[in-house]
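Counting starts at 1 for both ligands and their atoms, in listed order. We're numbering straight along the sequence, starting at 1.
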Amino acid sequence: MNRFSTLLRSLRIPVTVQRLAVLRAVEASPHSTADRIAALVRAEIGVISRQAVYNVLGTLVEKGLLRRIQPAGSPALYETRVGDNHHHLICRGCGKTVDVACAVGARPCLTAEDDAGFLIDEAEVIYWGRCPACRKTKPVSPGAPEHA
Ligand SMILES: [Zn+2]
Ligand SMILES: [Zn+2]
Ligand SMILES: [Zn+2]
């Protein structure tokens, strides 16, 4: 009995080989796209359609077992770290994605100057920049003149 089976049962979600394989794949490879998760799941259990993987991901996100983040210009990324309001650092060069704890810890962690009457429940925070490896390999920013 592994903890993912227990977790699924506690939420009254039928335990299936597919669901367990998806959870294991996302845990092993956080911030993966659905396509990468599908490849990992196939390596573990054999044939599974892309649509089936999407369906499983959708159910697990809906039930709060997975978190989906949707960075601008990127396919959705999935992770098993749920229940905290952590944010992400994403490299503009290679797409490397790193968790960063929220300084406040609870949603929404930014106060809007004017909420316009909305009941705000979330502020989406993504830090964009260049990871250490990309800073090393491309010290000159694109378009910047080369110095002789
Ligand atoms: Zn990078
Ligand atoms: Zn994360
Ligand atoms: Zn925060």
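Note that the OG atom of Ser29 and the CG atom of Leu77 stand 10.0 Å from one another [nearest 0.5 Å].
Between the Zn ion (ligand 2) and the N, O or S atoms of Glu79, the shortest distance is to OE1. Note on His31: its N/O/S atom closest to the Zn ion (ligand 2) is NE2. The closest approach of Asp99 to the Zn ion (ligand 2), by N/O/S atoms, is made by OD1.
Vertex the Zn ion (ligand 1), arms ending at SG of Cys91 and SG of Cys131: the angle is 110° after rounding to 10 degrees. Centred on the Zn ion (ligand 1), the angle running from Cys94 (SG) to Cys134 (SG) is recorded as 110°, rounding to 10°.
The closest side-chain heavy-atom distance from Tyr127 to Val98 is not below 4.5 Å. Taking the side chain as every heavy atom from C-beta outward, Ile126 and Trp128 approach each other to under 4.5 Å. For the pair Asn2 and Ser5, the minimum side-chain heavy-atom distance is below 4.5 Å.
Counting only residues at least two apart or in different chains, side chain to side chain donor-acceptor pair (under 3.5 Å) contacts with residues 88-101 comprise His31-His88, His31-Asp99, Glu79-His88, Arg81-Asp99, His86-His88, His86-Asp99, His88-Asp99.
Taking distances strictly below 2.8 Å, the protein N/O/S atoms close to the Zn ion (ligand 3) are His87 NE2, Cys102 SG, Cys109 SG.
Taking 4.0 Å as the cut-off between side-chain N and carboxylate O, Arg3 and Glu27 count as a salt-bridged pair.
The local environment of CZ in Arg36 is sparse, with at most 12 non-hydrogen atoms from other residues, nucleotides or ligands closer than 6.0 Å.
In this structure, the side chain of Thr137 engages the main chain of Ala133 through a donor-acceptor pair within 3.5 Å.
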